[in-house]
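Written out below as structure tokens is the structure these notes cover.
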2 protein chains.
Amino acid sequence: MNSCEMPASGPTEEPARVTESGSRVHRFVPGATHTWRGVPVQEYKAAADHHCGVRRSVLAGEAGEKTSFQVRYFEIAAGGFTTLEHHAHEHVVIVLRGVGQVRLADTWHEVAVGDAVYVAPHEVHQLRNPGAEPFGFFCIVDAQRDRPVPVEG
Amino acid sequence: MNSCEMPASGPTEEPARVTESGSRVHRFVPGATHTWRGVPVQEYKAAADHHCGVRRSVLAGEAGEKTSFQVRYFEIAAGGFTTLEHHAHEHVVIVLRGVGQVRLADTWHEVAVGDAVYVAPHEVHQLRNPGAEPFGFFCIVDAQRDRPVPVEG
């Protein structure tokens with residue numbers, strides 16, 4: 001495992017389902033990596049050179065919901081970054097912790113807690129964490145979406 | 001205007017569009033009511049007896065995006081509450097500020113910053129703020145959705 005790979009952890013034990021209809025409450029567990037009870041932490045993608053130090057938690061959209069969207073939480077460790085890529089589907093990003101940077105076309109924008117970013121179709125984009133603290137954000141996408149196309153940086 | 005009605009405000013002046021493709025960065029403006037630059041604050045619904053003290057900001061989904069979802073932020077003032085209702089579409093709620101309560105079927109659950117709630121189809125639900133500080137949360141929904149059906153409390 002190189003310095004960029006991060007082990008995934010299994011789901012926590014607390015059952016999250018609280019009603020017969022299937023509604024759920026996932027308790028937030030702040031920590032070195034933020035997690036939610038009942039939500040497993042996954043690797044962002046299989047290890048590769050073009051991304052580094054990214055963990056993912058899927059809060060909604062992969063547990064039998066009928067939603068046309070998925071709500072994911074990504075956390076980028078210090079020095080980490082996502083893939084530089086583009087695709088037809090859109091991203092809505094909301095920062096939960098730390099300070100990071102988002103590239104939109106050729107320009108980097110610093111973003112901090114609470115800032116919201118809309119990434120338009122086909123925009124070349126990337127997120128990175130040049131700081132020393134974790135950078136965490138929600139990223140909401142259509143459930144049905146095209147595959148990202150990586151871009152040479 | 002009774003004590004439950006809250007004035008809406010117009011959009012802030014800072015342009016949020018940052019690329020030719022239409023990508024946007026909305027800066028978070030924490031305050032008595034949390035807002036985002038470039039996002040107007042709206043009333044939750046027309047004033048009525050069955051909800052109180054709720055403001056809404058639509059962060060994505062009403063500005064020409066192609067997303068199949070909308071990302072809204074609701075803030076409930078001290079003592080306020082949303083409509084007790086049900087509908088076929090699902091909610092994903094993530095708490096941004098304060099402490100509040102969510103009713104799922106017949107049970108109230110306390111929720112605090114970071115907690116995530118999935119409201120299943122047809123679940124009778126309501127959110128309320130019994131505390132003294134604002135209670136704010138993101139609520140993500142399908143763009144195409146059925147009309148809520150109010151329930152006698």
Side-chain angles (χ1 to χ4, degrees), chain A residues 16-30 34 36-39 57 59-61 63 65-71 73 88-96 102 104-107 109-125 138 140-144, chain B residues 16-30 34 36-39 57 59-61 63 65-71 73 88-96 102 104-107 109-125 138 140-144:
Chain A
R17 188 182 176 112
V18 296
T19 73
E20 289 185 5
S21 307
S23 293
R24 313 187 301 264
V25 176
H26 295 289
R27 297 292 171 196
F28 179 55
V29 186
H34 287 350
W36 283 262
R37 293 208 190 280
V39 179
S57 298
L59 292 170
E65 301 91 343
K66 296 177 177 65
T67 53
S68 64
F69 59 87
Q70 295 184 346
V71 179
Y73 172 74
H89 67 271
E90 298 145 283
H91 284 319
V92 175
V93 168
I94 300 169
V95 179
L96 180 65
V102 57
L104 298 169
D106 294 326
T107 305
H109 304 267
E110 187 164 297
V111 288
V113 173
D115 287 347
V117 181
Y118 165 72
V119 182
H122 308 294
E123 192 82 275
V124 171
H125 63 280
F138 299 107
I140 303 136
V141 290
D142 284 346
Q144 301 282 334
Chain B
R17 188 181 175 115
V18 295
T19 74
E20 290 184 6
S21 307
S23 292
R24 311 187 304 262
V25 177
H26 295 289
R27 298 291 172 196
F28 179 56
V29 185
H34 286 350
W36 283 262
R37 292 207 190 280
V39 179
S57 298
L59 293 169
E65 302 91 342
K66 296 177 175 65
T67 53
S68 65
F69 58 86
Q70 295 185 346
V71 179
Y73 172 73
H89 67 271
E90 298 145 283
H91 284 319
V92 175
V93 168
I94 299 169
V95 179
L96 179 66
V102 56
L104 298 169
D106 294 326
T107 305
H109 304 267
E110 188 165 294
V111 287
V113 172
D115 287 347
V117 181
Y118 165 72
V119 182
H122 307 294
E123 191 83 275
V124 171
H125 63 280
F138 300 108
I140 304 136
V141 289
D142 285 345
Q144 301 284 336

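Naming: A, B, ... by sequence-line order, numbering from 1 per chain. If you're wondering where the values come from, they're calculated on a predicted model, not measured in any experiment.
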Got a donor-acceptor contact below 3.5 angstrom from the [X] side chain to the [Y] backbone?
X: B:Ser68; Y: A:Ser68; value: yes
X: A:Asp115; Y: B:Phe28; value: yes
X: A:Ser21; Y: B:Glu123; value: no

**Request:** Kindly indicate whether the side chain of B:Phe69, heavy atoms from C-beta on, has any atom under 4.5 Å from the side chain of A:Val71.
**Result:** no

- prompt: How about A:Val92 and B:Leu59: do any of their side-chain heavy atoms sit closer than 4.5 Å?
  reply: no

Side chain, backbone, both or neither: which part of [X] has a heavy atom under 4.5 Å from chain B?
X: A:Val93; result: neither
X: A:Glu65; result: both
X: A:Val111; result: both
X: A:Tyr73; result: neither
X: A:Glu110; result: backbone

Between [options], who has the most heavy-atom pairs with chain A when the cutoff is under 4.5 Å?
options: B:Val119, B:Leu104, B:Thr67; answer: B:Thr67
options: B:Ala88, B:Gly61, B:Ser23, B:Gly114; answer: B:Ser23
options: B:Arg24, B:His26, B:Glu20; answer: B:Arg24
options: B:Val95, B:Ile94, B:Asp106; answer: B:Ile94

Cut-off 4.5 Å, heavy atoms of chain A, and the answer for B:Ile140 is both

